[in-house]
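Numbering of ligands and ligand atoms starts at 1, following listing order.
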Amino acid sequence: MMMNALHRQHILSSDQFELETLDALYSTADMLRPVALGRQYTRILEGAVLASLFFEASTRTRLSFDAAFMRLGGAVSHTTGVEFSSLMKGESIADTARVISGYADVMVIRHEQENVIHESAKASLVPVINGGNGAGEHPTQSLLDLYTIRSEFAKQDRMINGARIALVGDLKYGRTIHSLIKLLSLYQNLTFVCTSPSHLVCPQHYIDIAENAGHRIEVHHDLCTGITGCDVLYATRVQGERAGGDILNLEDGGDFCLTQAKLNAHCPAHCVVMHPLPRDSRLGAQDLSSDADQDPRLAPPV
Ligand code: NCD
């Protein structure tokens, strides 16, 4: 059984997955869907403890790990924010991870520094899951995103192979984009349409991965051109907290506010519109506009 490929493994990057592993994982996810929705009950993780270490802001990822573990009968032990942890006292992440791995069966960590997840995994005696490492990766979000794409394409009887995937917004710091490119690269003959302000382009490393897997890459800095005719539109927030000085240039970056009018003008009726959330809903934000919230092309959250 291919799921064995994941048994007791750290989950640090989306490049750890193969299509067969994903098929097995998604079959399990389908089977557990009634449990996730609260319609069935299981205690399969009774007695197990998840250590949840979110040193960087999180709502969805942190709570979804909690909910998943608890719905399966396990218990969760937390720390949130560097300021409430012993890292404030000068402790190394290796010491933290090593000790916590004595309390828990698995650990999920989010930290603004990309390397912390790797140092933690090296020190831990139990599997470590990457809940987002700075501007690096977010492998579990990409697992969910691919699950959504697969489900939405299946409803329309369409194949992912050959699809035109518009990746929009902050492709430089958007870690969900980086992990999603890696997973989608397992398919064939895709066109990744990378559409961002010119100072927030996707790092070459991820472009190389897609190109080496035989996919086409288009780069655009104009939103309307980038989303034209796409089969998937994956929009992201500008990561202001990472961008530092870059964010100041945003006004020169063009119009990245994705409105209903732009979706209507440029995206086909079958297009699957996605966003990993959070989106920036402030006035003037360069993000998916809430005026498109009733658009049937928005992939449902559950
Ligand atoms: C993202 C993240 O934290 O990387 N959100 C998420 O986990 N679903 C995206 C973001 O912060 O913009």
Which of the atoms in ligand 1, numbered in the order shown and given with their element, are less than 4.0 Å from a heavy-atom of T61?
6 (C), 7 (O)
Between P278 and R237, the two heavy atoms sitting closest are O-CD, 3.4 Å
Please determine whether the number of non-hydrogen atoms from other residues, nucleotides or ligands lying under 6.0 Å from atom CZ of R98 exceeds 12.
no
Within the 4.0 Å heavy-atom shell around L277, which atoms of ligand 1 are there?
1 (C), 5 (N), 6 (C), 8 (N), 9 (C)
Verify the cluster assignment for I11 and V49: are they in a single hydrophobic cluster under the rule of side-chain heavy atoms below 4.5 Å apart?
no
Taking atom CD of Q294 as the centre, does the number of heavy atoms from other residues, nucleotides or ligands within less than 6.0 Å exceed 12?
no
Is P276 near ligand 1, meaning one of its heavy atoms is under 4.0 Å from it?
yes
Among R62, R237, R242, R175, which one puts a heavy atom closest to atom 2 (C) of ligand 1?
R175
Can you list the atoms of ligand 1 that are under 4.0 Å from a heavy atom of R110?
2 (C), 3 (O), 7 (O)
Taking atom CZ of R39 as the centre, report whether more than 12 heavy atoms of other residues, nucleotides or ligands fall under 6.0 Å from it.
no
Purely on distance, is any nitrogen or oxygen of E241 under 3.5 Å from one on ligand 1?
no
Does CG in L63 sit with more than 12 non-hydrogen atoms of other residues, nucleotides or ligands closer than 6.0 Å?
yes
Should you measure from each heavy atom of Q141, which atoms of ligand 1 turn up under 4.0 Å away?
6 (C), 8 (N)
